[in-house]
Amino acid sequence: MKNYRLHFIRHGLTGANRQGAYAGRRTDVELAPEGIRELLQLKERYQYPQVDVVFCSPLTRCIQTAGVLYPQAELQVVPAMAEMDFGEFDGLTLEDLGDREDYRRWLQNSLTEAPPGGESMEEFGHRVAVGLSSILAYVMKEQVQDTAIVTHGGVIRAVLSAMALPRLDPGRMMVGNGRGYTCFVTPQLWMRDRVIEVAGVMPHGAASAAVLNPELAALLEKADQMARGEKA
């Protein structure tokens, strides 16, 4: 039985990323000019595997990224692969949210508690699992050997922490813009256990998938401190 490769790629840099703001399902922003330049530089320096089909989040930043990296490929939009819905926190920075009790409560129990008007990690993870299942159903039916999935950092973390081997801690899994992971899909393993296998980083040849802009790195570190009850 044929095996398959999925290439998960996070979208390019946006202004919201640069500001360290939560950019979720409700924040439909375009790529920043430097984000497009960075994608082109990554494409020139490393290797994004050739694919015939690109599955993509419906948000503009992902569609634009797919256009830069795979201008000739067929594009299929998958709404379930959109970023997490951060509800009232969407578009806000840590400085905006730091004094809110509901924000601190969410950080400490984000698995089951949702931001006001948003979705919990459990709800988000279920949605992403449904989206990945639909993609793999198409891939296996059409016998598509290599497929790119252009999506969001949160989506990639959700897949690799719950549906991939080896298991990776989503809180420690940093995914840089234009970067991600290649995974192998064995039909028997997927149908039996609903898992895929992490094979390497994207783009191929890069040393790491974990290059972040300084603002986002600082945001994640401060949020992690607050979740542990420390003073940020």
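In this chain, numbering begins with 1 at the start of the sequence shown. It should be emphasised that the depicted structure is a prediction, and the values quoted were computed from it without experimental measurement. The figures that follow rest on heavy atoms only: side chains count, while hydrogens, waters and symmetry mates do not.
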**Q** Is it the case that more than 12 heavy atoms not belonging to Gln143 sit under 6.0 Å from its CD atom?
**A**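 Atom CD in Gln143 is crowded, with more than 12 foreign heavy atoms closer than 6.0 Å.
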**Q** Do the non-hydrogen side-chain atoms of Arg61 and His152 ever get within less than 4.5 Å of each other?
**A**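 Yes - at least one pair of side-chain heavy atoms lies under 4.5 Å apart.
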**Q** Can you tell me if Glu142 has over 12 outside heavy atoms packed within less than 6.0 Å of its CD?
**A**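 It does: Glu142 CD has more than 12 such atoms within range.
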**Q** Looking at Gln145, I'd like to know if its CD atom is crowded, meaning that more than 12 non-hydrogen atoms belonging to other residues, nucleotides or ligands lie closer than 6.0 Å.
**A**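 Counting other residues, nucleotides and ligands, CD of Gln145 exceeds 12 neighbours.
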**Q** Taking the side chain as C-beta and beyond, is there a heavy-atom pair between Cys183 and Tyr4 under 4.5 Å?
**A**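 Cys183 vs Tyr4: side chains apart.
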**Q** Step through the shown structure and confirm whether more than 12 heavy atoms of other residues, nucleotides or ligands are within 6.0 Å of CZ on Phe184.
**A**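 It does not: Phe184 CZ has 12 such atoms or fewer within range.
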**Q** Contact between Val159 and Ile196 at the side-chain level, heavy atoms closer than 4.5 Å - yes or no?
**A**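 In contact.
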**Q** How many angstroms lie between CD in Glu34 and OG1 in Thr14, if you round to the nearest 0.5 Å?
**A**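 Nearest 0.5 Å value for the CD-OG1 distance: 9.5 Å.
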**Q** Taking all heavy atoms of Thr65 and all of Gly12, pick out the closest pair and write down the distance.
**A**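 In terms of heavy atoms, the two residues are closest at OG1-N, 3.0 Å.
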**Q** How long is the straight-line distance from SG of Cys62 back to CZ of Phe55, given to the nearest 0.5 Å?
**A**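 Between atom CZ of Phe55 and atom SG of Cys62 there are 14.5 Å.
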**Q** Please determine whether ring-ring contact (aromatic ring centres under 6.0 Å, His included) holds for the pair Phe89 and Trp106, giving the CA-CA distance in whole Å, both sets of side-chain angles, and the decisive distance to 0.1 Å.
**A** CA-CA 10 Å; Phe89 303 157; Trp106 172 66; 5.6 Å; yes
**Q** Is the shortest heavy-atom distance from the side chain of Leu6 to the side chain of Thr147 under 4.5 Å?
**A**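 In contact.
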**Q** Hey, are the side chains of Leu31 and Leu39 touching, using non-hydrogen atoms and a 4.5 Å cut-off?
**A**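 Leu31 reaches Leu39 side chain to side chain.
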**Q** Set out, in order, the CA-CA distance, both residues' side-chain angles and the distance that settles side-chain contact (heavy atoms from CB on, under 4.5 Å) for Asp85 and Arg26, then state yes or no.
**A** CA-CA 7 Å; Asp85 187 345; Arg26 303 181 182 204; 2.8 Å; yes
**Q** Can you find a heavy atom in the side chain of Arg192 that is under 4.5 Å from one in the side chain of Gln188?
**A**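 No, their side chains stay 4.5 Å or more apart.
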**Q** What pairs of donor and acceptor atoms, side-chain ones from residues 122-141 against any protein atom, are under 3.5 angstrom apart with sequence neighbours left out?
**A**
residue, atom, partner, partner atom, Å
Glu123, OE1, Ser120, N, 2.8
Arg127, NH1, Ala80, O, 2.9
Arg127, NH1, Ala82, O, 2.8
Arg127, NH2, Glu83, O, 3.0
Arg127, NH2, Glu119, OE2, 2.5
Ser133, OG, Ala129, O, 3.0
Ser134, OG, Gly131, O, 2.7
Tyr138, OH, Gln76, NE2, 3.2

**Q** Quick one: are Arg10 and Asn17 in side-chain contact, heavy atoms under 4.5 Å?
**A**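 Arg10 reaches Asn17 side chain to side chain.
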**Q** Side chains of Pro203 and His7: does their closest heavy-atom pair fall under 4.5 Å?
**A**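 A side-chain contact is absent here, since even the closest heavy-atom pair is not under 4.5 Å.
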**Q** Taking all atoms of both residues into account, what is the closest heavy-atom pair of Ser57 and Ile63, and its distance?
**A**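 Heavy atoms of Ser57 and Ile63 come nearest at O-CG1, 3.7 Å.
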